[in-house]
Amino acid sequence: MTGKTITEKILSEKSGEDATAGDYVEATVDAMVTHDVTGPLTIDVFEDVTGGDGALAAPDDVVFTLDHHAPADGVQAANNHNIVREFAAEYGANQYEISDGICHQVMIEEGFVEPGDLVIGADSHSTTYGGLGALGTGVGSTDLGTAFATGELWFRVPETIRFEVEGDLPDGVYAKDLILRFIGDVGFAGATYKTAEYGGSAISDLPIHQRLVLSNMAIEMGGKAGIVEPDERTATYLEDQAGLDVGIDPDLAADDDASYEAVYTYEGADLAPQVSKPSNPENAVDVGETVGTPIDQVFVGTCTNGRYEDIRVVADVLEGEQVAPDTRLIVVPASRAVYQKCLETGVLEALVDAGATFQSAGCGPCFGTHQGALGDGDVALATANRNFPGREGSMESSVYLGSPATAAATALYGEIADPREIETTRYDDHAVSDVGVVR
Amino acid sequence: MSVDDSGRAWRFGDDIDTDQIIPSRFLVSSDPEELGEHAFNDLRPEFADGVESGDFVVAGENFGSGSSREHAPLSLVGAGVAGVVAQSFARIFFRNAINLGLPVLICPGVGDIDDGTEISIDVDEGFVYDHDEDVRYDAEPLPPFLQDLVDEGGLKPYTKRKLESAD
């Protein structure tokens, strides 16, 4: 018998079957999340299948956030918020308010995700939970609404593609650069229906906030999930962030003889900062190929790179400096907790002094409808996960994707800049400990 | 759906993401008809006014990539689209479409079908028929598990039955 990937182990555990890639299983989910955009449709489905008089199978495991239109930017959005609030109150589900944060960050901070869990969300970036060694995947409202009622969902057990990175990453190269490179190499649809499993010494050396970036963007290669083997760092992070006391099951790792559809290997030392050119994340190139591109707006935030450590990198570069005169910098923390930490540590002050616009927590311009939407002809660089046509506003705008360090360098110069050209001691992310405290 | 039920093909290219199918500013509604009025709003503004009930969307590789928003296939249902045929689909869109009862076929040959072609699809047999050129394109069959789900009417009837049998 061949060994199993982490994905096969989790789906075996949750379905009670010996699950192998290609099988169809029905599995019990540990947590479910939806938000102000997909939530109302999910509620409609739940009420349809239960005839309007049913109960949530596990209300404690159901989470609603209000993050995409936060605060509400119009009457319809406000009404949708009220639909979510009223449903959550009536059925006893967990509900978080505007500016509490983006669903994925809230799920992690509030302790809804543990290593080995199976988590579904009506948001494609539910893959983020793989950074904690959970199997997280995005589903539609019908899938989620039925799972609200039953606590279960069917899954096709995905094949796995493994990405191995060995050695140390150069200064100025972050998890964001790794994942952009992976997507560039595999292609936008290269991991469709599959799990991306990340391993190797460079990955185990990554602090958890960076592992979450790898998992978050697995969907940008079509992935059903993106997963990193959990370890003691994971346990420490969850204790600090969410007050969880989790033990790490040594069996929650890929078997040596696990079967992979493909294995991609990289030497960390060979990697450079990456930028994905418009209008597809797979258009990843070494930053040098884009250096000098004039940028109208830099956006730091989202479920990809809106954590404290990301924003801290930007503040460290811009402290005592000014954002370039023809460029706007918008910073949106991923959660209220991130906002508070920026406030307490002086990061907020440094950014506002440098000329940044600092918004309340939420998805911000990444949803494309408000709070920083791009106009015709605008060119932006974002720490987000998507640069599709019109993603952040006008179909005539364009978005480059990069790491927070690349975003900081770009904001400083007003054109895409190589973060390695800035004094690296100013944002040495490798000195950021797992528990989110900058040494 | 039989071969007699034909409609025009609305031809799209590769990597049509869910933002293009239904732009984010319209996601404040969950009503299929209202969403249908804005399907492909920015990518192909003439679609919503021109589409007729029973028409088909024909696309290249990786149709429906991006967001999990079920509003994307729902907008096509609302617009009266009778089915989507693509060379390949993104995972969540494909699953959402099946859950909504919107017929979807993976059909590698449809890259040859032009805009405005009169076509039919047969989900049970798994093929697309081009009436203009008198050509049949074979689709990939659905896996048996999914076929069972479709035969039962989708995930909602399946779940209702499961809930009733648990009572």
Side-chain angles (χ1 to χ4, degrees), chain A residues 22 24 37-38 40-45 48-51 54 68-69 74-77 79-80 121-126 137-147 149-150 152-154 156 158 188-189 192-194 219-220 222-224 280 282 367-370 373 386 388-391 395, chain B residues 14-20 23-32 34-35 41-43 45 61-74 87-101 143-146 148-149 154-164 166:
Chain A
Y24 287 81
V37 170
T38 55
L41 201 51
T42 304
I43 289 169
D44 287 349
V45 171
D48 182 355
V49 295
T50 57
H68 282 59
H69 297 273
V75 174
Q76 280 180 293
N79 287 341
N80 285 339
D123 186 284
S124 60
H125 292 106
S126 303
T137 194
V139 298
S141 290
T142 298
D143 280 324
L144 196 69
T146 56
T150 64
E152 298 174 343
L153 193 62
W154 68 269
R156 179 185 178 279
F188 186 44
T192 300
Y193 295 90
K194 301 174 178 57
I219 182 66
E220 262 58 70
K224 183 171 192 157
N280 189 313
E282 77 174 4
F367 190 55
T369 61
H370 69 140
R386 292 192 171 139
F388 300 157
R391 176 70 184 183
M395 284 291 278
Chain B
D14 295 338
D15 295 330
I16 303 298
D17 62 71
T18 49
D19 290 34
Q20 313 310 314
S24 54
R25 63 186 181 280
F26 302 115
L27 300 181
V28 285
S29 172
S30 302
D31 176 57
E34 195 177 334
L35 291 166
N41 193 89
D42 299 340
L43 183 67
E61 304 286 352
N62 200 27
F63 186 79
S65 46
S67 165
S68 67
R69 60 183 73 161
E70 199 164 300
H71 307 69
L74 195 58
Q87 289 171 263
S88 63
F89 286 90
R91 182 186 67 85
I92 309 176
F93 180 92
F94 188 73
R95 186 168 173 143
N96 285 346
I98 286 177
N99 283 343
L100 285 172
F145 178 91
L146 274 185
D148 290 348
L149 201 61
L155 189 61
K156 285 201 283 189
Y158 173 84
T159 304
K160 283 179 188 169
R161 183 178 57 77
K162 204 160 102 174
L163 289 170
E164 279 162 15

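Chain letters run A, B, ... following the sequence lines, proteins first and then strands; every chain starts at 1.
- Residue contact with chain A, scored on non-hydrogen atoms closer than 4.5 Å, involves the backbone and the side chain of Asp42(B) alike.
- Heavy atoms only, all atoms of each residue included: Ser68(B) and Ala122(A) are closest at OG-C, 3.2 Å.
- Between the side chains of Glu70(B) and Thr142(A), at least one donor N or O sits under 3.5 Å from an acceptor N or O.
- The distance from the CG atom of Asp17(B) to the CG atom of Asn280(A) is 8.5 Å, given to the nearest 0.5 Å.
- Under the 4.5 Å side-chain criterion, counting only non-hydrogen atoms from C-beta, Leu155(B) is not in contact with Val49(A).
- When the candidates Gly390(A), Ser141(A), Ser126(A), Gly54(A) are compared by the number of heavy-atom contacts under 4.5 Å with chain B, Ser141(A) comes out ahead.
- Scanning all heavy atoms of the two residues, the minimum distance from Asn96(B) to Gly140(A) falls at OD1-CA, 3.0 Å.
- Chain A forms more heavy-atom pairs under 4.5 Å with one residue of Ser30(B), Gly66(B), Pro23(B) than with any other, namely Gly66(B).
- For the atom pair CZ (Phe188(A)) and CG (Asp14(B)), the distance works out to 11.0 Å, reported to the nearest 0.5 Å.
- Atom CZ in Arg156(A) sits 9.5 Å away from atom CG in Leu146(B) (nearest 0.5 Å).
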Check step by step if side-chain contact (heavy atoms from CB on, under 4.5 Å) holds for Tyr158(B) and Thr146(A). CA-CA 9 Å; Tyr158(B) 173 84; Thr146(A) 56; over 6 Å; no
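- In this structure, the portions of Asn99(B) lying under 4.5 Å from any heavy atom of chain A include both its backbone and its side chain.
- Atom OG in Ser65(B) sits 8.0 Å away from atom CZ in Arg386(A) (nearest 0.5 Å).
- Note on ring orientation: taking the six-membered ring where Trp is involved, the planes of Trp154(A) and Phe145(B) are tilted (angle from 30° to 60°).
- Per-residue heavy-atom pair counts under 4.5 Å with chain A were compared for Gly154(B), Ser29(B), Ser88(B), Pro143(B), and the maximum is reached by Pro143(B).
- No donor-acceptor pair under 3.5 Å is formed between the side chain of Arg91(B) and the backbone N or O of Ile219(A).
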Derivation of the side-chain contact (heavy atoms from CB on, under 4.5 Å) call for Leu74(B) and Leu41(A):
CA-CA 10 Å; Leu74(B) 195 58; Leu41(A) 201 51; 3.8 Å; yes
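- Ser24(B) contributes atom OG, which lies 7.5 Å from atom NE2 of His69(A) (distance to the nearest 0.5 angstrom).
- Within the 3.5 Å criterion, the main-chain N or O of Pro389(A) finds a donor-acceptor partner in the side chain of Gln20(B).
- Contacts of Arg25(B) with chain A are made by both backbone and side-chain atoms, with heavy-atom separations under 4.5 Å.
- Minimum heavy-atom separation, Tyr193(A) to Ala90(B): OH-O, 4.3 Å.
- For Phe93(B), no part lies near chain A; criterion is any non-hydrogen pair under 4.5 Å.
- How far OG1 of Thr137(A) is from CD1 of Ile92(B): 6.0 Å, rounded to the nearest 0.5 Å.
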